[in-house]
Amino acid sequence: MSEKAVRVRFAPSPTGPLHMGGVRTALYNYLFAKKNNGTFVLRIEDTDQTRFVKGAQEYILDALAWCGITPDEGPGIGGEHGPYIQSERKDMYPAYAEELIKKGWAYYAFDTSEDLENMREQAKKMKMPNWQYNSITRSSMKNSLTLPEDEVNSRIKNSEPYVIRFKMPRNQDVRFEDIVRGWVVVNTNNLDDKVLYKSDGMPTYHLANIVDDHTMAISHVIRGEEWLPSAPLHVLLYEAFGWEAPKFAHLPLLLRPDGNGKLSKRDGDRLGFPVFPTNWTTAEGELYSGYREKGYFPAAFINMLAFLGWNPGTTQELFSLEELVAAFTLERVSKSGAKFDAEKTKWYQQQYLRATPNEKLAEQLSQIIDGEYDRNYLAVVCNLMKERATFITDIPLDGDYFFNEPTEYDEKTVHKKWKEETTEIMQNWCNRLTALDPFTSEIIEVSFKQYLEEINKGIGAVLPAFRLLLTGKAMGPSMFEISALIGKEESIKRMEQGIKKIAKLKIQS
RNA sequence: GCUGCAGUAGCUUAAAGGUAGAGUCGGAGUUUUUCAAACUCUUGGGUGUGGGUUCGAUUCCCAUCUGCAGUACCA
């Protein structure tokens, strides 16, 4: 076995934002490259000029950067195998197409789109639903195999539009070993004479991808399962050129969470989760939401994505990008489609939030809240809140009482936990707080328990009222911590105000 | 239709012929502190179906069903 340098590529087409399935393909390419000390190449496949979408290429670069899977070579990055945008490589393809014609592996075809459409329609009427341009039908079409040579030449000379088609051999088994799927065998009778070079002067994907992969010295082609059916054509193309084919690995599809089918861009916002790494607004102004803007950490997103179609074979589920690199192998990629699970994605995000140091969370929190707060104060808030939050944005939402005094009180708790005697109990408790010094959570807690003993009450009967006064809510982290953090003065102020307000509420009801 | 690929708990999946295991979700309990938190425990599958090979099959073979993908001068 020749030990070629590992070079892989991710080759999206700029027809829109990068779907999370595409991100996963990029991720696996990246992981495989890094694992094997190889090179990860980004190539933009824009041979279809009609489907070009403005901003898509920038989106792809930006999204990959957010995910932390940065290419070693690519547009805007450079490298020795450029250019990395196929439209900029346009001039190099015709020679390759003509080489195939010379070698008898391809031919010129002059049939127009209308001709082909008619053919297909007629065939359908004759109950042959799947007409193909192939070794049988090509003999009755207008091409360089059926037309006299001088007519072919004159048509080309007169710049009549033509395409170049692959001359698919008849009844031949094409075999190749896919790293994920094992041996795949397809008979050429089931394959058609694919267009390699279009009449607009651009190659199709099939030609461009073989030429580019070869000239870019790509060692492994890792791509989605939707390419599996055309892989035999690609294998034959390598054979036709006399090039060594790269190794193939076709990744399982990403399935939508409900029902069956491929995860599509519309599933996300319909079912309440993003399908794209970052926000994307169409030219028509339609917004597709992204993981970044929803508050997911890139590491959590990547970790989740890595497990959609791969597993390490152990029970470990939390992996940093570096750990993924170390653990990843294509052999452990599964064959069956992976159903995307939005709940599990949230779970990953939660795990990453918890694992993030409080100081770092405080820094991010300071950017999303109004007003200036002491960084240490925010760090303590994060420490208290992160156990019960999924996103950073949950912290100021569920813990707004760290920043503002409560304006309303949880109705159910007022109703259930605020008895007639509670007003007095809270008033006395407030007086006790006034006397505490220093005002730490430990001292508050000890004092609270003493007080309970004195009045002969259980914690469940008194604590909810205390929480209500300081936070307005029915639940949250330790009351002693909260009280200590917002401070004696603020605690007492909130209690005095709250007792009055709740008394008023009680009268009204 | 044709070709290809795949089918293990609701979901993600492990077990490369040898007692079908995890995580998530769901449920329950504990914490004389409330709580959607924490901790503990836990329901749930006989591997799409039917045959076959084998002492033994989720793993191999055949058939069948279902799903998905491809079937464009799209990638």
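Quick note on labels: first sequence line is chain A, next is B, and so on, each numbered from 1. Here the structure is a predicted model, which means the values were calculated and not measured.
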What distance, rounded to whole Å, do you find between the two C1' atoms, one in B/rG45 and one in B/rA15?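 Rounded to whole Å, the distance is 14 Å.
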How far, in whole Å, is B/rU8 from B/rG29 if one measures between their C1' atoms?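 Approximately 30 Å lies between the C1' atom of B/rG29 and that of B/rU8.
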In whole Å, what is the span from the [atom1] atom of [X] to the [atom2] atom of [N]?
{"X": "A/D46", "N": "B/rC74", "atom1": "CG", "atom2": "C1'", "result": "13 Å"}
{"X": "A/E317", "N": "B/rU24", "atom1": "CD", "atom2": "C1'", "result": "7 Å"}
{"X": "A/Y348", "N": "B/rC11", "atom1": "OH", "atom2": "C1'", "result": "12 Å"}
{"X": "A/I482", "N": "B/rC35", "atom1": "CD1", "atom2": "C1'", "result": "11 Å"}
{"X": "A/L251", "N": "B/rA69", "atom1": "CG", "atom2": "P", "result": "16 Å"}
{"X": "A/W131", "N": "B/rA72", "atom1": "CH2", "atom2": "C1'", "result": "12 Å"}
{"X": "A/Q316", "N": "B/rA22", "atom1": "CD", "atom2": "P", "result": "18 Å"}
{"X": "A/K262", "N": "B/rC5", "atom1": "NZ", "atom2": "P", "result": "18 Å"}

Taking O4'-C1'-N9-C4 for purines and O4'-C1'-N1-C2 for pyrimidines, is B/rG46 syn (within 90° of 0) or anti?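 That one's syn.
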Distance under 6.0 Å and angle within 45° of the ring axis: does A/R155 meet both against A/F110?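 The answer is yes, since A/R155 meets both limits relative to A/F110.
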Identify whether NZ of Lys or CZ of Arg in A/R354 sits under 6.0 Å from the centre of the six-membered ring of A/Y352 and within 45° of that ring's axis.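 No, a cation-pi geometry is absent between A/R354 and A/Y352.
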Select base, sugar-phosphate, or nothing to describe what [X] touches, counting heavy atoms under 4.0 Å on all strands.
{"X": "A/E445", "result": "base"}
{"X": "A/P477", "result": "base"}
{"X": "A/V195", "result": "sugar-phosphate"}
{"X": "A/G309", "result": "sugar-phosphate"}
{"X": "A/F480", "result": "base"}
{"X": "A/S199", "result": "base"}

Pair A/Y296 and A/F301, ring centroids less than 6.0 Å apart: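 No.
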Start at the 5' end of RNA chain B and walk down; is the nucleotide closest to A/K449 or to A/L308 reached first?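 Result of the comparison: A/L308.
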Would you kindly compare A/N187 and A/W227 by the position of their nearest RNA chain B nucleotide and give the one closer to the 5′ end?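 Nearer the 5' end of the strand: A/N187.
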OP1, OP2 of [N] versus side-chain N and O of [X]: anything below 4.0 Å?
{"X": "A/N311", "N": "B/rA14", "answer": "yes"}
{"X": "A/R354", "N": "B/rA38", "answer": "yes"}
{"X": "A/K335", "N": "B/rC68", "answer": "no"}
{"X": "A/R388", "N": "B/rA38", "answer": "no"}
{"X": "A/T47", "N": "B/rA75", "answer": "yes"}

Side chain of [X] (C-beta onward), nearest among [options]:
{"X": "A/R51", "options": "B/rA15, B/rC74, B/rU71", "value": "B/rC74"}
{"X": "A/R332", "options": "B/rA14, B/rG7, B/rC11", "value": "B/rA14"}
{"X": "A/E45", "options": "B/rG4, B/rC73, B/rA75", "value": "B/rA75"}
{"X": "A/W347", "options": "B/rG1, B/rG23, B/rG4", "value": "B/rG23"}
{"X": "A/R181", "options": "B/rA6, B/rG4, B/rC73", "value": "B/rA6"}
{"X": "A/P229", "options": "B/rC5, B/rG7, B/rG70", "value": "B/rG70"}
{"X": "A/S13", "options": "B/rA75, B/rA72, B/rG4", "value": "B/rA75"}
{"X": "A/V184", "options": "B/rC73, B/rC5, B/rA37", "value": "B/rC5"}
{"X": "A/V186", "options": "B/rC2, B/rG4, B/rA75", "value": "B/rG4"}
{"X": "A/K198", "options": "B/rC2, B/rG4, B/rC73", "value": "B/rC73"}

Are [X] and [Y] close enough for a salt bridge, meaning some N to O gap below 4.0 Å?
{"X": "A/K473", "Y": "A/D400", "value": "yes"}
{"X": "A/D178", "Y": "A/K247", "value": "no"}
{"X": "A/K344", "Y": "A/D341", "value": "no"}
{"X": "A/E445", "Y": "A/K449", "value": "yes"}

Spacing of A/W429 atom CH2 and A/I455 atom CD1 [to the nearest 0.5 Å]: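 One finds 10.0 Å between CH2 of A/W429 and CD1 of A/I455.
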Less than 4.5 Å apart, any side-chain heavy atom of A/K335 and any of A/P252?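 With C-beta onward as the side chain, the pair stays apart.
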Return one dot-bracket line describing RNA chain B 5' to 3' (Watson-Crick or G-U wobble pairs, both distances under 3.5 Å; ( ) same strand, [ ] crossing, | another strand, . none). (((((((..((((....[..)))).(((((.......))))).....(((((..]....))))))))))))....
Specify the closest pair of heavy atoms between A/G498 and A/Y409, including all atoms of both residues, with the distance to one decimal.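 Reported closest heavy-atom pair: CA-OH, 3.4 Å.
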When only distance counts, do a donor and an acceptor, one from the side chain of A/R467 and one from the base of B/rC35, lie under 3.5 Å apart?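 There is none.
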For a side-chain hydrogen bond (donor to acceptor under 3.5 Å, both in side chains) with A/R9, tell me which candidate from A/N209, A/N29, A/D212 qualifies.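 The option that passes is A/N209.
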My understanding is that only one of A/D193, A/D111, A/D192 makes a salt bridge (charged side-chain N to carboxylate O under 4.0 Å, His left out) with A/R138; could you say which?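 Testing each of A/D193, A/D111, A/D192 against A/R138, the sole residue satisfying salt bridge (charged side-chain N to carboxylate O under 4.0 Å, His left out) is A/D193.
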Which residues pass the side chain to side chain donor-acceptor pair (under 3.5 Å) test with A/T215, sequence neighbours left out?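 A/T215 satisfies side chain to side chain donor-acceptor pair (under 3.5 Å) with A/R89 only.
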RNA chain B-proximal residues of residues 391-400 of chain A, any heavy atom under 4.0 Å: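 Hits under 4.0 Å, by residue number: none.
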